[in-house]
Amino acid sequence: MRNIVVGSRRSNLAITQTEWVINELKKKTNDYTFDIKKIVTTGDRIQSVTLSKVGGKGLFVKEIEKAMYDHEIDLAVHSMKDMPSDMPEGLMIGCIPEREDYRDAYIAKDHVKLDDLPEGAIIGTSSLRRGAQLLAYRPDLEIKWIRGNIETRLRKLQEEDYDAILLAAAGLKRVGWDPSIVTEFLESDVCLPAIGQGALALECREDDTELRELIQQINDEYTEITVKAERKLLNMLEGSCQVPIAGYATLENDEVEIRGLVASSDGKTVIQTTRRAKDPIEAGRLAAEDLIEQGALELVAKAKAEMDES
Ligand SMILES: NCc1[nH]cc(CCC(=O)O)c1CC(=O)O
C-alpha cells in the first residue's frame with residue numbers, strides 16, 4: 001500500500017486545509033495511507049516587513065516545491081492565491097477542489113459597519129489589494145499593516161489600535177471560526193478578491209500519474225474553469241512585483257464572466273473591466289488586454305519602482 005507524504009506549512013490554516021484534503025481523498029479510496037510533513041517557508045519566517053517588499057508570491061511555496069523535487073513529499077496543499085502564475089518545471093497543479101467563500105471578511109471592533117466607521121479609522125491589512133480598494137471606497141480611512149496568522153490578527157484587533165481588520169473569509173471558515181465574528185462579507189464591488197482566493201491548489205510531480213489520478217477524484221470543474229480564467233489574467237499582468245491586482249470569475253450557461261482590477265496602492269487610480277467568453281483562457285486574456293489598454297502595466301511598473309525605493 002502506497003503511503004503518500006503531504007507537505008504542509010505549519011499554520012493552523014495550512015494544516016486544516018491539508019487534513020481536509022486527506023479526508024476527502026480517504027472518502028474516495030482505501031488504497032493509500034497519508035502522512036503530513038510540516039515545512040517552514042520563508043514567508044512564515046518573515047513577520048516584520050510587508051510581504052510584498054520581500055518578493056510576495058512564491059515565498060510560501062518555494063521550500064515546499066524543493067521537498068517535492070527531492071521526493072521528501074508527494075503532494076502539497078496550497079492556498080491557490082499564494083501560487084505564482086508560472087509553475088516550475090516538472091511540477092503541476094493536479095487538482096483544484098471546490099472553492100470556499102471567495103470574499104474578504106471585514107471584522108470591526110464592536111461590529112461597526114464599514115459605512116459607519118468614523119473618519120480616520122484604522123484598518124489593519126497586509127494586502128496592497130485590500131488596502132487600495134478600501135481607500136478607493138473610503139479615502140478618509142487609514143491603512144495600517146498587520147501581520148501574523150488569523151489568530152494573531154484577531155488578537156491584535158482587540159489589543160492594538162485597529163478599528164477593523166480584513167481577512168479572507170475562506171481562511172476563517174476553514175479553521176472553523178464562527179462566521180458571526182465577521183461584521184460584513186465584502187462583495188466584489190467593494191473589494192474584489194485576490195485571484196484564486198478561497199480555492200486550493202494541490203501540487204504534485206507531473207510524472208506521478210498514479211497520484212494525479214487519485215487527486216483528480218476531488219477536482220471541482222467549476223472552480224477549475226473559473227480559477228483558470230483568473231490565473232490567465234494574473235499571468236498576463238504580473239511583473240516580478242506585487243501590485244494591487246484582483247480578479248474573480250464565475251461560470252453561467254457555459255460562459256465565463258471575469259472581473260479584473262488593478263489599482264495604485266493609495267487607491268487613487270483604479271482600473272477595471274468585466275469580460276465574458278466561452279473559453280476561460282480567452283476570458284482571462286480579454287480582461288487582461290482591457291486592463292493593459294487602460295494602463296495596467298504602467299501601474300505595475302510604477303508600483304515596482306516605488307518598492308525599489310523604499
Ligand atoms: N495571504 C495569506 C493567505 N493565503 C490564503 C489565505 C486564506 C485562504 C484563502 O484565501 O484561500 C490567507 C490569509 C488571508 O488572506 O487572510
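Computed over heavy atoms, backbone and side chain alike; hydrogens, waters and symmetry mates excluded. Atoms within a ligand are numbered from 1 in the order they appear, just like the ligands themselves. On a predicted model such as this, the values are computed, not experimentally measured, just so you know.
Residue contacts with ligand 1: R153 is placed with no nitrogen or oxygen under 3.5 Å of a nitrogen or oxygen of the ligand (distance criterion only). An N or O contact shorter than 3.5 Å links K81 to ligand 1 by distance.
Residue contacts with ligand 1, taken as heavy atom pairs separated by less than 4.0 Å, do not involve I150 at all. At a heavy-atom distance under 4.0 Å, atoms from both the backbone and the side chain of A168 approach ligand 1.
In this structure the side chain of L91 never reaches within 4.5 angstrom of the side chain of C204, judged on heavy atoms. In this structure the side chain of I93 reaches within 4.5 angstrom of the side chain of M80, judged on heavy atoms.
Residue contacts with ligand 1 include R130, since one or more of its heavy atoms lies under 4.0 Å from the ligand. Ligand 1 is never approached by L200 to a heavy-atom distance shorter than 4.0 Å.
Proximity to L167 (heavy-atom distance under 4.0 Å) selects the following atoms of ligand 1: 16 (O).
A search for ring-ring contact (aromatic ring centres under 6.0 Å, His included) contacts involving Y106 returns nothing, not counting sequence neighbours.
Distances from atom 11 (O) of ligand 1 to the heavy atoms of S127, A194, A14, G198 show the closest one on G198.
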Where do K228 and D279 land on the side-chain contact (heavy atoms from CB on, under 4.5 Å) test, with the steps shown first?
CA-CA 10 Å; K228 198 181 260 181; D279 175 48; over 6 Å; no
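In summary, the side chains of E230 and Y102 do not present any donor paired with an acceptor at a separation below 3.5 Å, with no hydrogens or angles considered. Remark: the S11 side chain and the N149 side chain contain no N/O donor-acceptor pair separated by less than 3.5 Å.
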